Undergrad: 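Dumping the structure here so I can ask a few things about it.
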Amino acid sequence: KHWVCLGDTFVRRPHGKTRTMVEKDQERLEGEIAALHRSVQQKTSELCEIDPSISGGSDVHRSFSSLHGLSLDQVAEVLPETTR
């Protein structure tokens with residue numbers, strides 16, 4: 001069993017249930033991040049329509065439009081072994 005923090009309480013849960021809970025939470029967070037990313041892209045496009053000088057080859061616009069999230073595996077590849 002593993003200790004898991006739920007709010008301000010720690011409880012012991014079986015490994016399988018803990019893993020499932022963490023995986024579902026990770027999927028939910030990835031969905032929220034994707035929605036925020038789409039929102040930033042949409043708002044950046046709207047900003048470029050308002051001020052066309054921004055879209056004329058601006059590095060800022062390209063940076064925002066090419067943003068993407070990282071999966072847990074991609075983050076693990078970047079982090080040194082000692083921080084995992």
Side-chain angles (χ1 to χ4, degrees):
K1 290 189 173 190
H2 298 278
W3 286 100
V4 181
C5 180
L6 301 173
D8 57 352
T9 306
F10 284 89
V11 295
R12 287 194 80 169
R13 293 181 51 112
H15 175 77
K17 287 184 179 182
T18 303
R19 182 180 180 101
T20 301
M21 181 183 71
V22 170
E23 287 173 348
K24 283 182 182 179
D25 198 34
Q26 183 67 34
E27 288 174 14
R28 180 186 58 80
L29 290 171
E30 287 174 359
E32 288 179 20
I33 290 168
L36 289 169
H37 178 245
R38 287 188 300 273
S39 174
V40 167
Q41 285 184 324
Q42 176 66 29
K43 289 176 182 177
T44 302
S45 295
E46 290 171 8
L47 181 61
C48 288
E49 288 176 16
I50 293 169
D51 184 358
S53 67
I54 293 174
S55 62
S58 169
D59 288 336
V60 172
H61 180 259
R62 273 196 294 268
S63 296
F64 276 115
S65 64
S66 65
L67 285 175
H68 65 282
L70 297 175
S71 70
L72 185 58
D73 293 332
Q74 290 170 320
V75 171
E77 290 174 10
V78 175
L79 290 178
E81 186 69 33
T82 57
T83 60
R84 292 186 208 166

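The basis for the numbers below is simple: all heavy atoms, side chains too, and nothing from hydrogens, waters or symmetry mates. Computed from a predicted structure; not experimentally measured.
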Undergrad: Tell me, which pairs form a salt bridge (charged side-chain N to carboxylate O under 4.0 Å, His left out) where one or both residues lie in residues 37-47, sequence neighbours left out?
TA: none
Undergrad: Should Q74 and S71 count as side-chain neighbours, where that means a heavy-atom distance under 4.5 Å?
TA: yes
Undergrad: Under 3.5 Å, which donor-acceptor pairs link side chains of residues 10-21 to any protein atom two or more places apart or in another chain?
TA:
from: R12; atom 1: NH2; to: K1; atom 2: O; distance (Å): 3.4
from: H15; atom 1: ND1; to: H2; atom 2: NE2; distance (Å): 2.9
from: T18; atom 1: OG1; to: R13; atom 2: O; distance (Å): 3.4
from: T18; atom 1: OG1; to: P14; atom 2: O; distance (Å): 2.9
from: R19; atom 1: NE; to: E23; atom 2: OE2; distance (Å): 3.0
from: T20; atom 1: OG1; to: G16; atom 2: O; distance (Å): 2.9

Undergrad: How many angstroms lie between CD1 in I33 and CD in Q26, if you round to the nearest 0.5 Å?
TA: 7.0 Å
Undergrad: I'd like to check T44 versus Q41 (side-chain heavy atoms, cut-off strictly below 4.5 Å). Are they in contact?
TA: no
